[in-house]
Peer 1: 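Quick one: this structure, given as structure tokens, is what I'll be asking you about.
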Amino acid sequence: GARQQLIDSVFHALNRSASGQLSAAEMRPFAEKTGFSGSNEEWQEEFNLLATECGGVVDFRTFQRLVNDESDAGCYCSDSDLRELLNALNALTALNASGVPNGFS
């Protein structure tokens, strides 16, 4: 459905390395969108806990489960939350893409 496509788009926008698994840094914008406001160290700890609970990696299936989970264990996101995050990520990507060239052509 439409929500499924939205989740897929957000995951791929977050997953800048295109590895199919989110790193702590890649998942940080999502965490902040869902209310996390700690330091990098605190986020790394949170992320490590999350990854451990999910078998060591945060892949698409794990991410999908989190955003659909309305319990305390999840990070439920409404469609509008997901759309806002996707727009912010796309804006960031566009900004990075139009930024300073890295000197390699």
Side-chain angles (χ1 to χ4, degrees):
R3 180 174 171 82
Q4 184 62 43
Q5 283 179 313
L6 192 56
I7 294 170
D8 191 62
S9 297
V10 170
F11 180 84
H12 286 101
L14 288 169
N15 189 214
R16 292 188 304 272
S17 65
S19 63
Q21 298 171 356
L22 297 179
S23 67
E26 287 175 335
M27 197 169 170
R28 181 76 185 258
F30 169 75
E32 289 176 351
K33 180 74 187 154
T34 54
F36 179 81
S37 60
S39 67
N40 283 338
E41 290 76 25
E42 287 169 321
W43 168 240
Q44 189 65 57
E45 279 177 33
E46 284 280 320
F47 180 82
N48 291 347
L49 278 172
L50 175 69
T52 303
E53 285 168 15
C54 302
V57 294
V58 180
D59 58 12
F60 178 71
R61 286 217 323 262
T62 302
F63 182 72
Q64 180 176 279
R65 200 175 71 228
L66 281 172
V67 298
N68 286 327
D69 186 348
E70 297 186 50
S71 77
D72 287 346
C75 305
Y76 183 80
C77 275
S78 68
D79 289 8
S80 63
D81 285 342
L82 288 168
R83 263 191 296 275
E84 270 178 42
L85 178 58
L86 185 60
N87 290 340
L89 289 165
N90 287 340
L92 199 65
T93 305
L95 192 70
N96 290 345
S98 67
V100 183
N102 59 14
F104 298 103
S105 52

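One-based numbering along the sequence shown. It should be emphasised that the depicted structure is a prediction, and the values quoted were computed from it without experimental measurement. Just the heavy atoms: all of them, side chains too, but no hydrogens, waters or symmetry mates, feed the values below.
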Peer 1: Pairs in or reaching into residues 12-38: which pass salt bridge (charged side-chain N to carboxylate O under 4.0 Å, His left out), with residues at least two apart or in two chains?
Peer 2: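 Residue pairs with at least one partner in residues 12-38: R28-E32, K33-E84.
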Peer 1: Sort and list the pairs that fulfil ring pair (Phe, Tyr, Trp, His ring centres under 6.0 Å) and have at least one residue in residues 66-86, not counting sequence neighbours.
Peer 2: none
Peer 1: Give the other cluster members for I7, using side-chain heavy-atom distances under 4.5 Å between Ile, Leu, Val, Met, Phe, Trp and Tyr residues; answer none if it is isolated.
Peer 2: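 Its cluster partners, ordered by chain and number, are L6, V10, F11, L14, L22, M27, F30, F36, W43, F47, L50, V58, F60, F63, L66, V67, L82, L85, L86, L89.
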Peer 1: Less than 3.5 Å apart, any donor N or O on the side chain of N15 or S19 sitting next to an acceptor on the other?
Peer 2: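 Yes.
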Peer 1: Of all residues at least two apart in sequence or in a different chain, which pass the side-chain hydrogen bond (donor to acceptor under 3.5 Å, both in side chains) check with D72?
Peer 2: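 Expected list: none.
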Peer 1: How long is the gap from CD on E70 to OG on S78, to the nearest 0.5 Å?
Peer 2: 10.5 Å
Peer 1: Atom CD of Q44 and atom OG of S23: how far apart are they, to the nearest 0.5 Å?
Peer 2: 8.5 Å
Peer 1: Can you tell me how far SG of C77 sits from CG of D69, rounded to the nearest 0.5 angstrom?
Peer 2: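 Answer rounded to 0.5 Å: 11.5 Å.
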Peer 1: List the residues meeting side-chain hydrogen bond (donor to acceptor under 3.5 Å, both in side chains) with R61, not counting sequence neighbours, and say none if there are none.
Peer 2: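 Partners of R61 by the side-chain hydrogen bond (donor to acceptor under 3.5 Å, both in side chains) criterion come out as none, since no residue qualifies.
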Peer 1: Just jot down the side-chain hydrogen bond (donor to acceptor under 3.5 Å, both in side chains) partners of D59, sequence neighbours excluded, or say none.
Peer 2: T62
